Every structure is written in structure tokens, then in C-alpha cells.
Amino acid sequence: MILPPGLFLFLIGIALALALSAAAIALLLRSDEVLPKDNPGERSLHVSPQPRGGGLAIWIGWFPVALWMPPLAQGALVLWVVPWLILVAVSLRDDVAPVGVGTRLMVHALAALWFAVALWGQAGPGASLPATLLAVVFVGGIVAWGLNLYNFMDGSDGLAAGMTMLGFSAYGAGAILVGVPGIAYFALVAATLPFFVVNRPPSRMFLGDVGAVPLGFLAASFGVAQVVDGSWPAWFPILVFLPFIADATTTLAYRAWSRERIWVAHRSHYYQRLHRLGQGHRGTLVVYGAWMAGCGLTALACLHWKPALGWLALGGWCVASAALFTTIDYHWRSKFGAAR
């Protein structure tokens with residue numbers, strides 16, 4: 001049987017990403033001294049050192065496929081390749097030897113600004129200068145927050161890898177539904193699978209900043225680019241990645257409201273408190289995995305059958321998220337007698 005050209009390319013892209021990533025994971029596991037060790041700290045849910053930087057294997061598997069079959073239009077490579085490469089390089093350096101908070105935040109802001117300016121440059125003139133500047137700042141802020149929140153949520157076995165596989169699967173399926181290239185999204189899922197195998201509870205390798213920060217950048221930038229392009233509605237990427245957005249944003253808002261030093265490491269995210277309430281890595285992954293899958297499937301169902309219901313569906317899942325957080329808060333107070 002002769003496969004259609006599109007399906008053949010899809011299978012080749014998936015197989016290549018999977019094979020390269022699996023080979024990289026195998027090499028990293030055999031070479032104990034290659035990756036730096038993550039020692040337990042104030043925000044850690046682990047008690048023993050683990051190798052971190054496994055995100056490198058994801059990029060070894062995915063990047064060649066993304067260059068061959070880009071997730072956005074061919075001319076849009078300038079949007080994401082340069083800032084993504086900078087984030088990979090600086091984040092890898094941070095995994096090996098800590099980079100100052102100010103330096104990291106500056107690099108994150110510049111990467112987000114690069115994307116926003118390039119995106120509006122490709123969209124073409126049409127708006128006034130003040131409106132354009134406002135749009136650039138707004139989009140840059142979304143991307144900067146996206147790459148940071150992904151890093152904040154990478155603290156429990158399998159959590160960030162699970163969000164990556166489920167979230168980018170939804171992006172890939174959504175791309176197919178709206179008729180834009182989707183192979184690179186599924187290739188990222190395939191490249192993440194070997195890492196998930198060694199990162200699921202009990203973890204043998206951590207994602208590291210080199211994995212989490214660029215993943216957050218891709219989730220935000222690809223989502224925004226397809227919104228600006230008119231490929232999918234604005235509620236779609238928000239709903240797909242709502243579990244990470246809701247947890248990180250609510251936690252940051254609470255800490256800012258409580259006048260805590262938000263730049264200091266902590267263990268007050270809802271997923272961290274769920275873990276500490278006794279769910280552990282496995283229980284936390286089950287709860288959040290179900291939440292991720294529910295949001296992704298709902299987003300795809302609305303995109304396919306009734307896009308007009310998307311904002312209503314997003315509102316419904318926000319209510320469900322608030323109910324989960326309230327439940328965690330209640331049990332936390334019952335067990336520890338404090339809000340956080």
C-alpha cells in the first residue's frame with residue numbers, strides 16, 4: 001500500500017524526532033558526568049540529587065524536524081528560532097552554573113520582545129504607532145510570562161513533560177483542524193516521550209531550565225502566532241495550557257498580594273502543596289494529567305464543532321480550577337493550620 005505524501009512525511013517526522021531523542025536519552029543515562037546534578041533546595045520536592053538538563057534530548061530530537069517542517073509558515077522562522085536558541089543557550093548555562101536572576105530575566109524579556117516585534121513586523125503595517133507599541137508590549141509580556149510559568153511548574157515528576165505531550169498534541173490536532181502545518185507539534189510530543197519515560201515517578205532525570213524555559217516559550221509564542229494569523233481563536237491556547245497558567249498565575253498573585261518576595265524560591269504552588277498533602281509525585285501527576293487532558297479535549301471539541309462556545313468552555317474550566325484550588329486550600333489548612 002502506498003501512503004499519501006502528507007502521511008508519509010508525518011510518520012517520518014515523528015519517527016526521526018523519537019529516534020534522535022531516545023538515542024540522546026540513552027547516551028545521557030550512560031554518561032553520569034555529562035549532566036549537572038540538581039541538589040534538593042527550598043522549592044524542591046525531592047530528597048536526593050538528580051541529573052538535570054534532560055531537556056537537551058528533547059531538542060536534539062525536535063529541532064531538526066522543526067527546521068525541516070516548520071510549525072509556522074516558512075518565512076516565520078525568524079519569529080522563534082533566534083530567541084529560542086538564545087533561551088536554550090542561557091538556560092543550559094544556568095543549569096551548569098547559576099546565572100544571576102537579573103541576567104536571566106533580561107534574556108527572557110529580550111527573547112519575548114524579539115518575538116513580539118518580529119510577529120508584528122510580519123503582520124504588516126496598519127495600526128498606529130501607539131497601538132503597535134501596546135500590542136508588542138502585550139504580546140511580549142504574554143510570552144515572557146509563558147516561558148517563566150513553565151519553569152515554575154517543572155517541580156514534580158512527569159508534570160512538565162506530561163503538559164508538553166498533552167498540550168502540543170492539542171496544538172497539533174488543532175492545527176490539522178484549521179488547516180495549518182501540524183507535524184512539528186506532534187514531533188515535539190514524540191521527542192518528549194523518551195524523556196517522560198525517565199522523568200515519570202520515580203524520576204531518574206530532570207528537565208532542567210534548558211528544557212522548561214524554551215518549552216514555555218514555544219507554548220506561548222506558537223499559540224500567539226496562530227491567533228494573530230487567524231488560524232485559531234485566542235481562547236484555544238489559553239484553554240490548552242490552562243493547568244499551568246492557572247496554577248502559576250494564581251500562586252504569583254497570592255504571593256504578591258501577601259507581600260512575599262516573589263523572586264525567592266518556594267513550595268507554595270498548588271501542585272507542590274498537593275504533593276505535600278500526601279499525593280506524592282504519582283498522585284499529583286494523575287490529578288494534573290486528568291486536568292490537562294480535560295482542558296485539551298474540550299478545546300479541540302469546541303474548535304471542531306462550536307468555536308463560539310470556546311470562551312464559555314474556558315470559563316467553565318476556570319471555575320473547575322478554582323474548585324480544585326479551594327479544595328487544596330481547605331485540606332492544607334486542616335492539616336497545617338496555615339494558608340500556605
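Numbering of residues begins at 1 and proceeds along the displayed sequence. Here the structure is a predicted model, which is why all the values come from computation and not from measurement.
Side-chain atoms of Thr103 never come within 3.5 Å of backbone atoms of Val99 as a donor-acceptor pair (strictly under, hydrogens ignored). Listed for the Asn199 side chain is a donor-acceptor partner under 3.5 Å among the backbone atoms of Met205. One N or O on the side chain of Asn148 and one on the backbone of Ala144 form a donor-acceptor pair closer than 3.5 Å. In this structure a side-chain-to-backbone donor-acceptor pair under 3.5 Å is present from Arg282 to Pro201. Here the side chain of Gln272 pairs no donor or acceptor atom with the backbone of Gly155 at under 3.5 angstrom. Judged purely by atom type and a 3.5 angstrom limit, Asp95 has no side-chain atom pairing as donor or acceptor with the backbone of Gly208.
Counting heavy atoms from C-beta on, the side chains of Leu147 and Pro214 never come closer than 4.5 Å. At least one side-chain heavy atom of Met292 sits under 4.5 Å from a side-chain heavy atom of Phe244. Pro194 places a side-chain heavy atom less than 4.5 Å from the side chain of Leu18. Between Pro36 and Arg52, some side-chain heavy-atom pair lies under the 4.5 Å cut-off. With a 4.5 Å cut-off on side-chain heavy atoms, Asp329 and Tyr270 count as touching. In this structure the side chain of Cys295 reaches within 4.5 angstrom of the side chain of Pro243, judged on heavy atoms. Residues Pro233 and Leu303 have side chains in contact (heavy-atom distance under 4.5 Å, counting atoms from C-beta outward). The side-chain heavy atoms of Ile176 and Phe186, taken from C-beta on, include a pair separated by under 4.5 Å.
Rounding to the nearest 0.5 angstrom, the gap separating the CH2 atom in Trp114 from the CG atom in Leu79 is 10.5 Å. For the atom pair Leu300 CG and Trp305 CH2, the distance stands at 9.0 Å (nearest 0.5 Å). One finds the CZ atom of Phe63 at 12.5 Å from the CG atom of Leu188 (value rounded to the nearest 0.5 Å). Between Leu285 atom CG and His275 atom NE2 the span is 11.0 Å, to the nearest 0.5 Å. Distance CE/Met153 to CD1/Ile245: 10.5 Å, rounded to 0.5 Å. Between Leu177 atom CG and Ser231 atom OG the span is 12.0 Å, to the nearest 0.5 Å.
Salt bridge Asp157/Arg200: absent, no basic N to carboxylate O contact under 4.0 Å. A salt bridge does not link Asp209 to Arg104: none of the charged side-chain nitrogens sits closer than 4.0 Å to a carboxylate oxygen.
Between Leu72 and Ala225, the shortest heavy-atom distance links the atoms CD1-CB, 3.8 Å. Here the closest non-hydrogen pair linking Ala248 and Leu149 is CB-CB, 3.6 Å. The minimum heavy-atom distance between Arg204 and Leu29, with the atom names listed, is NH1-CD1, 4.1 Å. Pro70 and Ala184 make their closest contact through C-CB, 4.3 Å (heavy atoms, listed as atom of the first residue, atom of the second, distance). Contact between Leu166 and Gly289 at its shortest, heavy atoms only, is CD1-O, 3.8 Å. Heavy atoms only, all atoms of each residue included: Ala170 and Phe236 are closest at O-CZ, 3.5 Å.
Note on residues 189-211: pairs passing ring-ring contact (aromatic ring centres under 6.0 Å, His included), not counting sequence neighbours, are His46-Phe206.
Using modelled atom types, one finds a donor on one side chain and an acceptor on the other under 3.5 Å when comparing His281 with Ser156. Between the side chains of Ser21 and Trp59, no donor N or O sits under 3.5 Å from an acceptor N or O.
The ring pair (Phe, Tyr, Trp, His ring centres under 6.0 Å) test applied to Tyr185 returns Tyr171, Phe222, not counting sequence neighbours.
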Given side-chain contact (heavy atoms from CB on, under 4.5 Å), test Ser203 with Val198 step by step and report yes or no. CA-CA 6 Å; Ser203 175; Val198 298; over 6 Å; no
side-chain contact (heavy atoms from CB on, under 4.5 Å) assessment of Thr298 paired with Leu239: CA-CA 8 Å; Thr298 302; Leu239 182 52; 4.2 Å; yes
Check step by step if side chain to side chain donor-acceptor pair (under 3.5 Å) holds for Tyr254 and Ser268. CA-CA 10 Å; Tyr254 180 89; Ser268 57; over 6 Å; no
Using the rule given for side-chain contact (heavy atoms from CB on, under 4.5 Å), can you reason through Trp84 versus Leu87, listing the C-alpha separation, both sets of side-chain angles and the distance that settles it, and then say yes or no? CA-CA 5 Å; Trp84 178 83; Leu87 289 172; 5.6 Å; no
One pair to check against side-chain contact (heavy atoms from CB on, under 4.5 Å): Phe152 and Leu252. What are the steps and the verdict? CA-CA 10 Å; Phe152 296 157; Leu252 180 69; 5.5 Å; no
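The cluster map of Ile, Leu, Val, Met, Phe, Trp and Tyr, joined by side-chain heavy atoms under 4.5 Å apart, puts Val197 and Ile25 in different clusters. Hydrophobic clustering of Ile, Leu, Val, Met, Phe, Trp and Tyr side chains at less than 4.5 Å, counting indirect connections, keeps Met106 apart from Ile142. In terms of hydrophobic clustering, with Ile, Leu, Val, Met, Phe, Trp and Tyr side chains grouped at heavy-atom distances under 4.5 Å, Val137 and Leu119 are assigned to different clusters. At a threshold of 4.5 Å between side-chain heavy atoms, the hydrophobic network of Ile, Leu, Val, Met, Phe, Trp and Tyr places Val228 and Leu113 in one connected group. Residue Leu110 is not grouped with residue Tyr150 when hydrophobic side chains (ILVMFWY) are merged at heavy-atom distances under 4.5 angstrom, including chains of intermediate members.
Aromatic ring centres of Phe168 and Phe241 lie closer together than 6.0 Å.
More than 12 heavy atoms of other shown residues, nucleotides or ligands fall within 6.0 angstrom of atom CH2 in Trp145.
Between Trp80 and Trp62, the angle of the ring planes lies from 30° to 60°, which puts this pair in the tilted group.
No option in Trp291, Tyr271, Trp332 other than Trp291 meets the ring-ring contact (aromatic ring centres under 6.0 Å, His included) test with Phe325.
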